[in-house]
There are 2 protein chains.
Amino acid sequence: MTAARGRGRPRDPQTDTAILRAALELFIERGVEGASIEQIAKRAGVGKLTVYRRWSGKEELIAQAVEQTIPRDLVPSPEDVEAMAPQEIIERMLPAAAETVASPEFRALTARMMGSAVSHPALMAAYWKHHILPRRELAAAMLRHAQKDGAVSADADPDVLIDMMVGAVTWRVLQPDPPDAAEMLRYIKAVYQQIGLYRPSPES
Amino acid sequence: MTAARGRGRPRDPQTDTAILRAALELFIERGVEGASIEQIAKRAGVGKLTVYRRWSGKEELIAQAVEQTIPRDLVPSPEDVEAMAPQEIIERMLPAAAETVASPEFRALTARMMGSAVSHPALMAAYWKHHILPRRELAAAMLRHAQKDGAVSADADPDVLIDMMVGAVTWRVLQPDPPDAAEMLRYIKAVYQQIGLYRPSPES
DNA sequence: TTTTATTTACGGGACGGTATCGTTAATTGA
DNA sequence: TCAATTAACGATACCGTCCCGTAAATAAAA
């Protein structure tokens with residue numbers, strides 16, 4: 001990326017972000033092995049050497065793009081999780097979460113990340129560290145809260161429960177005939193209900 | 001593929017299988033975008049034209065290669081599922097299933113299939129129809145059985161429960177630091193237990 | 001029945017064209 | 001004045017097609 005102050009012409013930070021954005025787009029469109037430095041440079045409106053000067057290769061560039069340029073949806077603060085009941089947090093977040101998860105962008109990114117997990121583990125590692133782990137810790141806090149309340153079975157491993165929820169949803173959106181946002185909302189409720197994190201309101 | 005009886009020299013069926021095998025290998029190694037007809041032909045020991053004579057393009061070829069992959073894990077017959085208790089079926093199958101699912105081959109194929117789900121839906125559709133659906137029907141039968149017995153909550157949607165089990169496992173094997181067979185066995189038991197399909201034996 | 005002609009499959013390789021690679025040279029700008 | 005940048009470079013890979021010489025089957029003729 002942009003180096004420290006040197007003597008000659010400084011690098012343009014906007015160039016960095018343009019390259020990273022182009023890299024993420026092309027990763028999603030074509031995957032790691034389908035994307036090329038040449039395309040990324042072209043889409044960023046930049047010469048190839050401008051890319052090579054900053055990153056040693058495709059993998060490093062895409063990994064950093066995954067770290068830095070994925071739009072983050074809003075996550076409740078840890079304090080909220082401690083204070084509020086899981087049921088309340090979940091009911092407040094579910095519609096937006098369903099919308100996000102059912103979107104074509106999420107589907108595409110999820111597919112490409114999964115597809116790269118074995119051949120390019122560093123990519124998945126970056127995604128895991130920067131995007132998944134923070135959310136998992138939040139979910140684990142919610143689950144522990146719910147286990148104290150008795151809604152979730154106390155002997156269950158929170159990591160396994162999280163995998164079941166996340167795995168079901170990600171797997172569902174990659175299946176043929178993926179759900180739209182409304183169907184996804186019902187689906188997530190069914191999953192959470194099975195775990196014990198959600199109880200349907202009487203009227204719905 | 002090999003056409004019906006014609007006038008001239010018939011096509012060699014072994015050539016078909018050699019091409020399909022090479023196509024599946026290269027799909028797993030490099031993904032749809034990374035594989036090429038040229039490589040597939042070379043690995044199969046065959047001229048390019050011999051491939052083009054049978055398939056119109058990479059996608060069709062790989063789709064058929066995925067269809068015809070013969071998974072060697074044994075599936076219990078539907079009669080077994082009706083007759084035996086789910087607990088018994090599961091306990092009998094779990095160790096082999098854990099071994100399969102934790103293997104590098106399964107991880108790699110799973111990653112590539114997921115990775116192609118959005119960009120090449122026909123590929124996922126072929127996999128779904130030929131490999132996933134039959135197993136889902138078996139699992140659904142087991143779940144209905146278990147719901148009658150009261151082990152699994154009767155109001156739960158079997159499709160959702162299957163997604164939770166399959167999703168958790170596939171997601172788990174694609175995470176950084178994937179489990180070995182022994183750890184996978186414990187993991188699957190935890191998942192099944194949460195669903196209600198498994199109860200740990202007293203001594204273990 | 002035997003021979004010959006015809007037809008298709010096959011491995012191998014060449015083709016014109018395009019895309020990508022990583023490097024080198026020339027230009028631009030703070 | 002020095003680093004950033006663009007453009008050009010040769011090399012390699014792949015595409016889809018075509019041709020060569022050979023092999024293997026069927027169909028027609030002797």
Side-chain angles (χ1 to χ4, degrees), chain A residues 1-65 112 116 119-120 123, chain B residues 1-65 112 116 119-120 123:
Chain A
M1 281 271 290
T2 297
R5 304 277 334 129
R7 262 198 302 179
R9 173 179 174 181
R11 291 184 187 168
D12 185 352
Q14 288 191 340
T15 302
D16 294 332
T17 66
I19 295 173
L20 286 169
R21 188 196 331 272
L24 185 69
E25 285 178 13
L26 280 159
F27 166 62
I28 290 175
E29 291 173 19
R30 307 193 172 193
V32 179
E33 32 280 285
S36 73
I37 298 269
E38 196 129 355
Q39 285 172 337
I40 293 169
K42 187 171 193 175
R43 184 167 298 191
V46 135
K48 260 197 301 182
L49 189 61
T50 305
V51 179
Y52 277 114
R53 191 181 299 286
R54 289 157 213 244
W55 290 276
S56 58
K58 199 164 54 170
E59 285 79 4
E60 289 78 6
L61 170 52
I62 294 179
Q64 193 173 353
R112 291 305 188 186
S116 311
S119 55
H120 300 82
L123 245 179
Chain B
M1 279 273 287
T2 299
R5 311 270 339 125
R7 279 246 300 166
R9 172 177 173 176
R11 292 183 185 168
D12 186 351
Q14 289 192 341
T15 302
D16 294 301
T17 66
I19 295 172
L20 286 169
R21 188 197 333 269
L24 185 70
E25 285 178 13
L26 280 159
F27 166 63
I28 290 176
E29 291 173 18
R30 308 192 172 192
V32 180
E33 293 84 358
S36 74
I37 297 271
E38 196 133 352
Q39 284 174 337
I40 293 170
K42 187 170 193 174
R43 184 168 298 191
V46 136
K48 258 197 295 185
L49 189 58
T50 304
V51 178
Y52 279 113
R53 195 177 281 126
R54 289 156 213 246
W55 291 277
S56 57
K58 198 165 54 171
E59 285 79 4
E60 290 78 5
L61 169 52
I62 294 180
Q64 192 172 355
R112 291 304 188 187
S116 311
S119 55
H120 300 83
L123 244 180

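Lettering follows sequence order; numbering is per chain, from 1. Since this is a predicted model, take the numbers as computed values, not measurements.
Note on A/Ile37: only backbone sugar-phosphate atoms sit closer than 4.0 angstrom, heavy atoms only; bases stay farther off.
D/dG16 atom C1' lies 14 Å from atom CZ of B/Arg53, rounded to whole Å. In this structure, B/Gln14 atom CD and C/dC10 atom P are separated by 12 Å, rounded to whole Å. What separates NZ of A/Lys42 from C1' of D/dA7 is a distance of 14 Å, to the nearest Å. The CZ-P distance, from B/Arg43 to C/dG11, rounds to 17 Å in whole Å. Distance, B/Trp55 CH2 to D/dT17 P: 16 Å, rounded to whole Å. Rounding to whole angstrom units, CG of residue B/Asp12 and C1' of D/dA24 are separated by 11 Å. Following rounding to the nearest Å, B/Arg54 (CZ) and D/dG16 (P) show an atom-to-atom distance of 17 Å. Put simply, NZ on A/Lys58 is 6 Å from P on C/dC21, counting in whole angstrom units.
Toward the 5′ end of DNA chain D lies the nearest nucleotide of A/Thr50, the other residue of the pair A/Glu38 and A/Thr50 mapping further downstream. Residue-to-nucleotide proximity on DNA chain C shows that, of B/Ala44 and B/Lys48, the 5′-proximal contact is made by B/Ala44. Comparing A/Gln39 and A/Leu49 along DNA chain C, the residue whose closest nucleotide (by nearest heavy atom) sits nearer the 5' end is A/Gln39.
In this structure, the side chain of B/Lys58 does not engage the main chain of B/Ile37 through any donor-acceptor pair within 3.5 Å.
Nearest nucleotide to the side chain of B/Tyr52, out of D/dG16, D/dA24, C/dC21: D/dG16. Which of D/dA27, D/dT17, D/dC9 sits closest to the side chain of B/Arg7 comes down to D/dA27.
Here B/Arg9 does not reach the OP1 or OP2 of C/dT7: none of its side-chain N or O atoms lies under 4.0 Å away. Side-chain nitrogen and oxygen atoms of B/Arg11 include none within less than 4.0 Å of the OP1 or OP2 phosphate oxygen of C/dT8.
For the atom pair CG (B/Leu49) and CZ (B/Arg54), the distance works out to 10.0 Å, reported to the nearest 0.5 Å.
Other residues, nucleotides and ligands contribute only 12 or fewer heavy atoms inside 6.0 Å of the CZ atom of B/Arg21.
The shortest distance between side-chain heavy atoms of B/Gln39 and B/Glu29 does not fall below 4.5 Å. Residues B/Arg53 and B/Thr50 are in side-chain contact: their nearest non-hydrogen atoms beyond the backbone lie under 4.5 Å apart.
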